[in-house]
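What follows is one structure encoded as structure tokens, with my remarks underneath.
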Amino acid sequence: MDNLQTYLYISAILFSLGLYGVITRRNGIAVLMGVELILNSANINFVAFARFGGMNFSGQVFALFVIIMAAAEAAVALAIIINVFNNLDTVNIDDARELKL
Amino acid sequence: MNNLLSISLFLPELVLTATIIIAIIVDIFSVSNRTSKVSNYVIIGLLATLAAVFLTNHSPTTLFMDSLAFDPFASFIKSVVLVATLLIIIFTRYSNEFKGYHTGEYYALLCIMVFGMFLMASAIDLITVYLSIEVVSLMSFILAGYLKNNPRSNEASLKYVIYGAFSSGIMLYGLSIIFGLTGTTKFFAIRDAITTLDSSSNLALTLSTVFVLAGFGYKISAVPFHFWTPDVYEGSPTPITAYLSVAPKAAGFALMIRFFNQVFVDGDSLSTLGWYADVSFAWPEILGVISVVTMTMGNLVAIQQNSVKRMLAYSSIAHAGYMLMAFPTISSEGVFAVMIYLVMYLFMNLGAFFVLIYVAQKQGGENFEHFSGLGWRMPIVGIVMTIFMFSLTGLPPTVGFIGKFYLFVAVINAGSAFYWIAFFGAINTVVSLYFYMRVVKTMYLDGNPSEEIIVPPLSVTLILLVLAVPSVFFGIYWTPILNWVNNSLLFFVQI
């Protein structure tokens, strides 16, 4: 348990789950949850590399910044989704199709 | 350079921060209907920032414990971004899309975005790379959806935020692998660490760089990370569309140039560039294919559009492809060509978008049919739009020709291995002639020429001239730009 590889496996699994969520889910909020999983898988990588690689603290610092950015991003994204819901009565990203692809 | 010493060279950013704070405070204390007041303060603040960019002279160095670079290249990109922002603020004041909206914080958000692009232009640390990209992205999500009651604007911001958050997440995962492989977040330390890696980590390195490329590609809207571009560009308020197609792209290219030139390239200075021999992956080929696919896709889809705004969105994808042509060569000549193109592109693209804003107000729409007969009814607008369309195609004697000329020269000079990129670039230029000339044809050959002639108000004529005169002037006499770019082609490099 206490080795780098375990953490890398966990983060890779988390990354894949996030990717799967973003690609398959059509609900805007579910897609955002997938993005959060991807961000956190990167965080696990950073902290694990910093802890086991015998490196300085930049990994932990990076992870802290990512947590802050993720919070800011979630706030903006949820505000946008609420606004879309007010106007279009849906949070499904496929229903927002006024602009043709 | 340590933190305390760095502050004196951080002057442009400090002035910009003061501008942001002043914009927010003025907005709070002003009567809600007179929000153009904020834009006056912001214009003064940005002009002061531009002055500060030119005044802070120092030999290339790093700021804040090696997290930002201070060099002429960064100052160049900062000036380009500032000029674009000033023009966009003037566009916004003129545009009627914001009627009924409180635009006070709009200008503050725009300034925060400029701050993010300043950091993008000078980032030499993975943490700064991620933070600056996110700052720019978050602000552009909000600005794209600024028209809260307009469903199209809502949809644009929704699509933007989903694609943006996703691709920055992918990029972050790539950055974490690079950090794991090299044990550092500084560009130069990464470069040194990569040389000591053995071949077993080639796969991880390649994969992580592809992930990072997803983040960069999304910022400059290169295929296959371009899906958000047409919808976001069509749905956003037109001034923001114009802004997104110029300024963040310039900053994104700056970041990409810095990343590839300083991490993957074996050189102490720009004069001796060349790809690392021990990075076995075919980077030049990959970037070349991305460039060719990007311009071909942009041009082929632009042909089918009925909306001029959407056509310009696809054309901006194609132009990103043209600029990417110079990347595989990784020569200082290629970087030089990209920098020239960024300046030229600023004038012609913002000009085309301003004509679009004006025509949409007068004719009530942004489709081709709204342009029919325009050349006879509004002679000045017609002539100016023709100049911009010629320029976007790359016909002499306009700036677009000079920009493309240097790009092609850089590709051809790089050797016969890159001829195919130039070949596709030339074909694409011919293809793009069709839809740019369609605008000119619609303006002059379609519709009924009426006797009535509309002369735009003086302010509009002035803005049009400010954009159209450089588009022709620098197409004939481009030495000033050449000198400026030549002096700016100096990176901070750590040996």
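We use all heavy atoms of the structure for the numbers below, so side chains are in, but hydrogens, waters and symmetry mates are not. By convention in this document, chain letters (A, B, ...) are assigned in the order of the sequence lines, proteins followed by strands, and residues within each chain are numbered from 1. All values derive from a computational prediction rather than experimental measurement.
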>> Given heavy-atom pairs under 4.5 angstrom as the criterion, report whether the side chain, backbone, both or neither of A:Ala72 touches chain B.
In response: both
> So which of A:Ala70, A:Ser58, A:Gly18 has the biggest tally of heavy-atom pairs under 4.5 Å with chain B?
Replying inline: A:Ser58
>> Given 3.5 Å as the limit, does a donor-acceptor pair link the side chain of A:Tyr7 with the main chain of A:Phe52, or not?
In response: no
>> Among A:Val22, A:Leu8, A:Val31, which residue has the highest count of heavy-atom pairs closer than 4.5 Å to chain B?
In response: A:Val22
>> Ring centres under 6.0 Å, that's the criterion: do B:Phe211 and A:Phe15 meet it?
In response: yes
> Which region of A:Ala12, side chain (C-beta onward) or backbone (N, CA, C, O), has a non-hydrogen atom less than 4.5 Å from a non-hydrogen atom of chain B, or is it both or neither?
Replying inline: both
>> With no hydrogens and no angle check, just 3.5 Å: does a side-chain donor-acceptor pair link B:Ser67 and B:Asp125?
In response: no
> Which atoms of B:Phe179 come close to chain A, meaning under 4.5 Å heavy atom to heavy atom: side chain ones, backbone ones, both, or neither?
Replying inline: both
> Between the side chains of B:Ser167 and B:Lys219, does any donor sit under 3.5 Å from an acceptor?
Replying inline: no
> Under a 4.5 Å heavy-atom cut-off, does chain B meet the side chain of A:Ile80, its backbone, both or neither?
Replying inline: side chain
>> Using a 4.5 angstrom heavy-atom cutoff, name the option from B:Ile170, B:Leu131, B:Ile177, B:Val135 with the most pairs to chain A.
In response: B:Leu131
> Out of A:Asn86, A:Val66, A:Leu19, which one racks up the most heavy-atom pairs below 4.5 Å with chain B?
Replying inline: A:Val66
> Between the side chains of A:Asn3 and A:Thr6, does any donor sit under 3.5 Å from an acceptor?
Replying inline: yes
>> If only side-chain N and O atoms count, and only distance matters, is there a donor-acceptor pair under 3.5 Å linking A:Asn92 with A:Asn27?
In response: no
